[in-house]
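Accompanying notes for the structure given below.
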Amino acid sequence: MPFNSMKFCHPWHPCQQRVLYAVKQHLCDRRLHLVAAPGAGKTVLGLEVFRMLGKPAMVLSPTRMIRNQWIDRLEDFCETDTPRELPWVSRSFHQPGILTATTYQALLTRFPGECRDEEPEIQQIRKNPAEDDIHHFIAVLEQHHIRVLILDGVNQLRAEWWRALKTVCDNFPDMTLVTLTATPLYDVREPDRIEYEQLCGPVDEEISVPELVKAGILCPHQDFIRACDATVTEQKQIEDYDRQVLTVCQSLLNSREFEQIVCAHPWLHQTDIESDVVKSPDIAIALMSFLKARHCPDGQALMQVFALTSQDIPQLDRQLWQVLIDSVLFSDTFQHPQHLQPFVLQLQALLQDKGLLEKRVLSLESSSPATHFLSSSVAKIDACIDIHQLEYQQRGQDLRQAILTDYIRDEMLGSGQNNGEIKLGAWPVFEALASCSPVPDQLALLTERLTLLPSGLLPSLLMFIDPQQVRTELLADEQGYQGSRYVESCYVKVSAPPDQLSEAMTALFTSGKIKVLVSTSALLGQGWQVPVLNSLILASSAGSPVLTNLMRGRAMRFDPQNPHQVSAIWHLVALNTRSVSGFSDLLNLIRRFDSFTGLSEKDNSVESGFSRMDLNHLMLPSIAGQKISVSAHNRQTEARFRQLVQIESRWHHALAADSSDGRVMPAVTMVRKPEIRAHVLRHAFSWLTSQVFGPVLLALSYAYVFPPVWTYTMTFVVLIVAGVLLYKLPETVKTLRMLCRYLPADSALYQIGNALRDSLCQSGLIKTPMMQLKVRRARMPDGRFHLCLTGGTYYDASLFADCLAEIFAPVETPKFLLVCSGALSKCRDYYAVPRRFASGKETTQIFSRNWNKSVWPSELIDTESVEGRKVLLKARGQDVASVCREEV
């Protein structure tokens with residue numbers, strides 16, 4: 001067995017050592033879930049865990065490049081320069097060793113000899129794992145006694161894969177599962193998040209980007225956003241889509257037949273509908289919005305179910321039209337009258353004819369084609385050129401730039417047909433750059449099937465690859481190529497084994513012989529480790545925050561040869577400021593930024609979210625429908641980029657002010673204060689006025705009206721008042737304490753946080769002693785509040801943040817609700833009981849008791865009961881009303 005001979009030959013970084021100290025504790029449940037930013041050393045940490053466990057293990061990776069890194073990193077543990085030749089190491093799923101490194105795609109192959117070294121990348125995995133494949137995988141694990149699974153990048157898989165891997169773990173109760181990810185899940189539905197957590201367990205430890213920058217493992221960096229106007233053709237396509245949607249919605253709003261269909265909905269006429277409405281409350285809201293727009297009184301009964309008034313009903317926007325029309329066409333809740341069924345068929349045909357309905361998928365709120373037009377806009381090619389020239393002006397010969405796209409777009413090279421149509425891709429970007437770059441002889445293209453290299457660098461390439469395995473040809477030999485003559489004469493097409501070619505091109509890039517490398521996100525977007533990279537352009541339309549964050553990580557590695565290295569990460573956004581749908585690319589970018597932690601442009605602080613970029617001129621006009629000046633935004637971005645030398649010192653100042661060594665603890669950000677604070681303050685002032693100040697004022701009034709000669713009467717009144725005050729003293733003290741406790745603006749948040757902390761400790765979900773844990777809150781300059789739990793482990797803080805987010809989230813379908821009622825008010829506040837507590841009666845009661853003690857006496861409601869469903873709908877209605885008031 002190799003475990004005794006393995007030893008890491010380098011000193012562990014403090015953040016790595018911190019994680020390793022806690023590994024044994026986290027493995028008590030045979031689950032270790034580690035989130036580590038790119039550059040944190042996930043691979044060596046995983047190998048150290050493999051050594052500590054001392055059992056045969058299989059590592060599943062998303063790409064071949066990462067699979068190979070797991071084996072190559074063994075040279076840091078074993079005295080060998082050729083770890084791939086170790087007898088106990090295997091890259092074959094069908095012939096496992098003590099340590100087997102393979103890809104997820106290999107699990108789809110049940111026959112030896114297939115896909116051993118040619119597994120497609122993770123982006124190409126679209127097929128659900130077949131049941132036969134899963135059974136075969138289980139048989140392989142059983143046959144070779146593998147009881148440790150290490151999952152690298154499992155958050156990139158679809159939910160079907162999580163369920164398949166969970167099936168595997170369920171077959172082996174003694175299986176130890178180690179999950180390593182660069183970023184947690186941010187963009188999945190709650191049911192999928194639950195399935196992911198059931199597979200991997202909650203996050204046990206995290207090594208964050210600021211922590212690594214402070215430790216000198218990652219370099220200072222900053223995100224920049226380059227905007228561009230969509231092309232005329234793209235703008236026309238988007239505006240045509242908006243016009244089609246507006247025409248359809250306006251015609252249906254004026255249609256008598258459509259109104260009859262809506263008014264015939266059973267929910268508008270039946271009683272005891274709560275059990276049906278609670279399953280699809282969005283349909284009910286859409287019904288009420290349509291009836292309000294038509295000034296139809298039929299929605300009154302439904303409004304009573306939600307406890308809403310006419311002012312609380314939202315306006316009929318595209319989102320509600322989407323829900324309403326989709327439910328009319330496909331929902332079982334509608335029962336169309338016989339004479340109106342032809343109208344429904346005609347509506348369906350109309351939507352299909354206008355391109356708004358395809359395969360039962362309705363596109364009114366957002367259109368996949370319209371979104372695609374912007375995310376893959378051809379205008380982004382010119383943006384890449386502008387950024388490249390700007391970077392070269394700033395960095396000169398120190399520039400090491402990579403441009404990542406989603407597609408290669410070299411179809412015309414092999415087909416011999418050129419229709420003149422240009423699409424965003426690696427080849428079009430490369431061709432455009434080659435004709436205007438200040439360093440065309442140091443520009444290269446590296447993709448899965450097309451690699452181009454300046455002719456003068458071919459001898460340098462052959463120093464890293466066996467010439468016998470390299471085949472070259474002039475681009476002019478490609479059938480039908482009619483592009484740039486410069487590209488045709490100065491670049492050579494290179495073919496070689498993929499892994500060797502990638503390593504050779506990376507070596508040329510590292511040495512500086514290649515300064516600009518155009519590639520795809522599938523090839524270099526994950527696992528590509530090149531510390532010299534200082535400029536990254538994400539010309540990718542990937543909407544996933546997880547994948548985008550992985551690509552960002554390529555430009556964060558610290559280069560020991562350049563101690564003052566500062567990297568720039570460029571995001572491209574295409575806009576059509578004249579169209580409602582013209583901001584979809586920007587909205588997707590804003591959503592992706594929720595998973596990025598970086599330096600704020602507003603001050604020297606490290607934050608997450610799009611607001612840190614201080615680009616209100618982009619966000620606010622897009623929301624208000626005002627015109628955005630793309631050129632003015634780009635001038636501002638260029639001015640910020642030219643201050644690149646200040647980013648290093650700003651990072652140092654931001655991290656020096658942080659007492660947590662750069663660690664980012666999970667926190668919840670609140671925009672609105674809970675309404676419970678207003679209830680408490682109103683109750684406290686009302687009680688003090690009526691029960692305490694009232695008798696005193698009565699006595700003073702009596703003394704003023706009547707002559708003071710009535711000594712005995714006055715003494716009697718004073719004694720009565722004193723007796724009343726003395727009797728009320730305990731309640732008065734209690735009320736005054738509550739008043740002082742809730743006067744600060746963030747007091748309600750703090751009390752809810754305390755109730756949650758106490759409940760987590762008392763229920764055993766958190767093992768850290770309660771006295772060590774503190775709820776911290778901070779108010780930001782923009783009025784937001786941050787809450788987090790300190791004094792415990794990362795797992796404690798993560799669990800606290802997850803539960804707190806559930807409490808403050810809009811009410812969906814929780815199993816239990818807490819209903820807080822104002823003592824002298826009709827106001828009611830609803831809060832969901834986190835599912836961690838709702839899973840058992842005892843833990844639910846623990847949470848309810850702590851809530852009543854620390855926050856406010858509240859009623860615990862079971863939403864699965866008849867009365868509970870009615871309360872749940874009222875809670876949903878209150879959320880709708882609050883959103884409507886905010887919009888107004």
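Note that the structure is a prediction, hence the values are computed from the model and not measured. The figures that follow rest on heavy atoms only: side chains count, while hydrogens, waters and symmetry mates do not.
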- [ ] Any chance you could lay out the side-chain contact (heavy atoms from CB on, under 4.5 Å) test for L60 and T102, step after step, and finish with the verdict?
- [x] CA-CA 5 Å; L60 299 178; T102 185; 3.4 Å; yes
Task: 4.5 Å side-chain heavy-atom contact, L399 and H388 - done: yes
Task: Smallest separation among heavy atoms of Y392 and V439, with atom names - done: CE1-CG1, 3.6 Å
Task: Nearest-0.5 Å distance, CG of residue L450 to CZ of residue R409 - done: 14.0 Å
- [ ] Kindly indicate, with the supporting measurements, whether the criterion salt bridge (Lys or Arg N to Asp or Glu O under 4.0 Å) is fulfilled by R147 and E142.
- [x] CA-CA 8 Å; R147 291 299 181 269; E142 180 67 40; 3.4 Å; yes
Open item on the list: Any heavy-atom pair between the side chains of H221 and R552 that's under 4.5 Å?
Closed with: yes
- [ ] Output yes when a side-chain donor or acceptor of T447 lies under 3.5 Å from a complementary backbone atom of I408, and no otherwise.
- [x] no
Open item on the list: Is it the case that the side chain of S5 and the backbone of P2 share a donor-acceptor pair, with hydrogens and angles ignored and the cut-off at 3.5 Å?
Closed with: yes
TODO: Verify, without hydrogens or angle tests, whether S511 (side chain) and L508 (backbone) share a donor-acceptor contact under 3.5 angstrom.
DONE: yes
Task: Main-chain N/O of S540 paired to K380 side chain as donor or acceptor, under 3.5 Å - done: no
Open item on the list: Run I138 and L141 through side-chain contact (heavy atoms from CB on, under 4.5 Å) and show every step you take.
Closed with: CA-CA 5 Å; I138 292 173; L141 297 180; 5.6 Å; no
Task: Note, T80 side chain near L74 side chain (heavy atom, < 4.5 Å) - done: no
TODO: Rounded to the nearest 0.5 Å, what's the gap from CE on M505 to CD1 on I465? Could you check?
DONE: 9.0 Å
Open item on the list: Hydrogens and angles aside, do T43 and Q69 bring a side-chain donor and acceptor to less than 3.5 Å of each other?
Closed with: no
TODO: Taking all heavy atoms of T472 and all of V470, pick out the closest pair and write down the distance.
DONE: CG2-CG1, 3.9 Å
- [ ] Report yes if the side chains of Y104 and P62 come closer than 4.5 Å at any heavy-atom pair, otherwise no.
- [x] yes
Open item on the list: I want to check something: taking the side chain as every heavy atom from C-beta on, are L443 and V518 in contact at a cut-off of under 4.5 Å?
Closed with: yes
Task: Shortest non-hydrogen contact from A444 toward I514 - done: CB-CD1, 3.7 Å
Open item on the list: Nearest 0.5 angstrom please: F50 CZ to I98 CD1, how far?
Closed with: 7.0 Å
- [ ] Nearest 0.5 Å please: distance from the CD atom of Q394 over to the CG atom of L644.
- [x] 6.0 Å
Open item on the list: Evaluate L45 against L180 for side-chain contact (heavy atoms from CB on, under 4.5 Å), listing each step before the verdict.
Closed with: CA-CA 9 Å; L45 285 171; L180 305 172; 5.6 Å; no
Task: Shortest non-hydrogen contact between C9 and E75, atoms and distance - done: SG-O, 4.5 Å
- [ ] Assert yes or no for the condition that the ring centre distance of F509 to W528 is strictly below 6.0 Å.
- [x] yes
- [ ] Determine whether R84 and R91 make a side-chain contact, defined as any pair of heavy atoms from C-beta on separated by less than 4.5 Å.
- [x] yes
TODO: Report, as yes or no, whether the 6.0 Å neighbourhood of atom CG on D81 holds more than 12 heavy atoms from other residues, nucleotides or ligands.
DONE: no
- [ ] Give the minimum heavy-atom separation between L533 and A402, together with the two atoms involved.
- [x] CD1-N, 3.5 Å
Open item on the list: Please identify which of these residues, V178, T103, L99, T100, meets the side-chain contact (heavy atoms from CB on, under 4.5 Å) condition with V59.
Closed with: L99
Open item on the list: Angle between ring planes, H94 versus H136, binned at 30° and 60°: parallel, tilted or perpendicular?
Closed with: tilted
Open item on the list: Measuring only between side-chain heavy atoms, which start at C-beta, is L212 closer than 4.5 Å to F558?
Closed with: no
Open item on the list: To the nearest 0.5 Å, what is the distance between CG on L572 and CD1 on I387?
Closed with: 5.0 Å
Task: Rounded distance [0.5 Å steps], CH2 in W88 versus CE in M6 - done: 5.0 Å
- [ ] Examine distances only and state if a side-chain atom of Q565 and a backbone atom of D559 form a donor-acceptor pair shorter than 3.5 Å.
- [x] yes
Open item on the list: Tell me the closest heavy-atom pair linking V154 and W162, and the distance in Å.
Closed with: O-NE1, 3.2 Å
- [ ] Using a strict 4.0 Å threshold on nitrogen-to-oxygen distance, state whether R395 and D398 make a salt bridge.
- [x] no
Task: Within 45° cone and under 6.0 Å: R51 NZ/CZ vs F77 ring - done: no
TODO: For the residue pair H33 and Y196, categorise the inter-ring angle as parallel (less than 30°), tilted (30 to 60°) or perpendicular (more than 60°).
DONE: perpendicular
TODO: Taking the six-membered ring for Trp and the full ring for Phe, Tyr or His, determine whether the centres of W570 and F641 are under 6.0 Å apart.
DONE: yes
Open item on the list: Whether the side chain of Q401 engages the backbone of K515 through a donor-acceptor N/O pair (distance < 3.5 Å, no angle test) should be reported.
Closed with: no
- [ ] Before giving the answer on side-chain contact (heavy atoms from CB on, under 4.5 Å), spell out for T597 and S208 the whole-Å C-alpha distance, their side-chain angles and the decisive distance to 0.1 Å.
- [x] CA-CA 8 Å; T597 300; S208 63; over 6 Å; no
Task: Expected output: side-chain N534 to main-chain R400 donor-acceptor under 3.5 Å - done: yes
Task: Validation row: R554, P38 side chains within 4.5 angstrom (heavy atoms) - done: yes
Open item on the list: Please check: side-chain N/O of H10 versus main-chain N/O of F8, any donor-acceptor pairing under 3.5 Å?
Closed with: no
Open item on the list: Given 3.5 Å as the limit, does a donor-acceptor pair link the side chain of S92 with the main chain of Q95, or not?
Closed with: yes
Open item on the list: Donor-acceptor check, side chain of Y407 to backbone of T520, threshold 3.5 angstrom: yes or no?
Closed with: no
